[in-house]
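Structure record follows, encoded as structure tokens.
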Number of protein chains: 2
Amino acid sequence: MPTPQRTSLAEIVAAGREVLESGGPGRVTMQAVAERVGVRPPSLYKRVRDREALLTLIAAATLQELQERLAAQDSLAGMAHAYRNFAHERPEGFRLLSTRSASAEDLARASAPVLAAARAAVGEADALEAARFMTAWLTGFISMELAGAFRLGGDLDRAFAYGIDRVSAALAG
Amino acid sequence: MPTPQRTSLAEIVAAGREVLESGGPGRVTMQAVAERVGVRPPSLYKRVRDREALLTLIAAATLQELQERLAAQDSLAGMAHAYRNFAHERPEGFRLLSTRSASAEDLARASAPVLAAARAAVGEADALEAARFMTAWLTGFISMELAGAFRLGGDLDRAFAYGIDRVSAALAG
DNA sequence: ACCTGAACACCGTTCAAGT
DNA sequence: ACCTGAACACCGTTCAAGT
């Protein structure tokens, strides 16, 4: 007589993301996640290899959501704001992305929207480098902002707008 | 009869940095660090409040070394290369910096060299935003490089040079 | 098939007892 | 004063036994 399933992989990953945002990666224990989905810790191992794998799944889900947000934009400036808004909504998830590397497919998919916008802005030949330039600045700005590295005064919204302006100028030149 | 000191705070932090680089933050256990300095784990608590505090001390020492490297340069391009070289030498330490926020003093000290170079390049009025722009791009590029996020082809050294060029152009414009 | 309690290893941390 | 062994709590993980 099979026991009925009491949870699912999707539910486990979703619970992991919630725990992550509410308390940081240290709080993402098998116990906390199991409790949240209403199961005992050992049961998680039926769907997830180990804690490491769970964190990787959480990162992948986060990257996918980010990619969907970016794909809904059509300009580099729009994407920049979507990117930053996402990071403010899910700071822990955003940070997790820089810790664990995505699969080649997920990476390519997430890069596509920015690459397309870069192609439209600077042409085929320089699209890759332009996309990297933009993404690097964006990632750096946001991660420094989240880490509290911008405490020398000034308005961060204005600094962000200044940066977008400078990136556009750099790519146009 | 006092027992002689068998270690010191500096030695503990240095040992922690070594363990960090050789195995990532997960390997920085009180046991591993204690063993490296030749002491039992409970003895570490005489000099360090807890593991969290040890990681913060490791980050502070890393930031100080980075600051010294930057201060030895006088151009923004020179600093960019020094920054990247440092990150390649101590990838785990570099990553740790984005996780834990520095004290206001350490942050100000580490920012000073870049700020001075930015002032020389664009003048007093825009120095802060220019320094932020430069640092954001640099931090983003390097952390993406370390995270393996640049796997769409192309030469990374060339992409880095392209970026420095674009940053300079953006700040000049 | 999936779920669970029991068990084990490992780590952070405290503390009383040693020198 | 500083160091240590012993002890405790907590977590990841495995596995045999339940349904």
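Hydrogens, waters and symmetry mates are skipped; everything else that's a heavy atom, side chains included, is used.
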Next on the checklist: Check this one for me: any side-chain N or O of A:R6 less than 4.0 Å away from OP1 or OP2 of D:dT19?
Outcome noted: no
Under 3.5 Å, which donor-acceptor pairs link side chains of residues 147-154 of chain A to any protein atom two or more places apart or in another chain?
residue: A:R151; atom: NE; partner: A:G148; partner atom: O; Å: 2.6
residue: A:R151; atom: NH1; partner: B:A102; partner atom: O; Å: 3.4
residue: A:R151; atom: NH2; partner: B:A102; partner atom: O; Å: 2.6

Checklist entry - Among all residues two or more places apart in sequence or in another chain, which pass the salt bridge (Lys or Arg N to Asp or Glu O under 4.0 Å) test with A:E89? => result A:R69
Checklist entry - CZ of B:R49 versus P of C:dT13: gap in Å, rounded? => result 10 Å
Next on the checklist: Rounded to whole Å, please give me the gap between CD in A:E52 and C1' in D:dG12.
Outcome noted: 12 Å
Checklist entry - When you measure from every atom of DNA chain C, which of residues 18-25 of chain B have a heavy atom less than 4.0 Å away? => result none
Checklist entry - Who pairs with A:E124 by salt bridge (Lys or Arg N to Asp or Glu O under 4.0 Å), at least two apart in sequence or on another chain? => result A:R119
Checklist entry - If you round to the nearest 0.5 Å, how far is CZ of B:R100 from OG1 of B:T62? => result 11.0 Å
Checklist outcome for this item: To the nearest angstrom, the CD-C1' distance between A:E35 and C:dT4 comes to 16 Å
Checklist entry - Does any pair with a residue in residues 46-89 of chain B pass ring-ring contact (aromatic ring centres under 6.0 Å, His included), and if so which ones, sequence neighbours excluded? => result B:H81-B:F160, B:Y83-B:F94
Next on the checklist: What's the closest nucleotide to the side chain of B:Y45 if the choices are C:dC2, C:dG18, C:dT13?
Outcome noted: C:dT13
Next on the checklist: Generate the contact string for nucleotides 5-11 of chain D. Rules: B means base contact, S means sugar-phosphate contact only, - means no protein heavy atom under 4.0 Å.
Outcome noted: BB----B
Mind listing the side-chain donor-acceptor pairs of residues 27-45 of chain B below 3.5 Å, one per line with the distance, residues two or more places apart or on another chain?
residue: B:T29; atom: OG1; partner: B:A32; partner atom: N; Å: 2.9
residue: B:R36; atom: NE; partner: B:E18; partner atom: OE1; Å: 2.6
residue: B:R36; atom: NH2; partner: B:E18; partner atom: OE1; Å: 3.1

Next on the checklist: Between A:S43 and C:dC2, is there a contact of a side-chain N or O with OP1 or OP2 at under 4.0 Å?
Outcome noted: no
Checklist entry - Between atom CD in B:E11 and atom C1' in D:dC2, what is the gap in whole Å? => result 15 Å
Checklist outcome for this item: From CD1 of B:I12 across to C1' of D:dC2 the rounded distance in Å is 12 Å
Checklist entry - C:dT13, C:dC2, C:dG18: which one has an atom nearest the side-chain heavy atoms of B:D50? => result C:dT13
Checklist entry - Quick one: ring-ring contact (aromatic ring centres under 6.0 Å, His included) pairs with a partner in residues 97-125 of chain A, sequence neighbours left out? => result none
Checklist entry - What pairs meet the ring-ring contact (aromatic ring centres under 6.0 Å, His included) rule with one or both residues in residues 5-35 of chain A, with sequence neighbours excluded? => result none
Item to check | Listed partners of B:R109 passing side chain to side chain donor-acceptor pair (under 3.5 Å), at least two apart | outcome: B:D106
Checklist entry - Which is true for A:R47 with a 4.0 Å heavy-atom rule: it touches a base, it touches only sugar-phosphate, or it touches nothing? => result sugar-phosphate
Next on the checklist: Which residues pass the side-chain contact (heavy atoms from CB on, under 4.5 Å) test with B:A130, not counting sequence neighbours?
Outcome noted: A:Y162, B:A118, B:V122, B:L171
Item to check | Consecutive-pair stems (3 or more, Watson-Crick or G-U, under 3.5 Å) for DNA chain D | outcome: C:4-8 with D:12-16, C:12-16 with D:4-8
Checklist entry - Do B:R49 and B:L54 touch side chain to side chain, with heavy atoms closer than 4.5 Å? => result no
Checklist entry - Between C:dA1 atom P and A:Q5 atom CD, what is the distance in whole Å? => result 11 Å
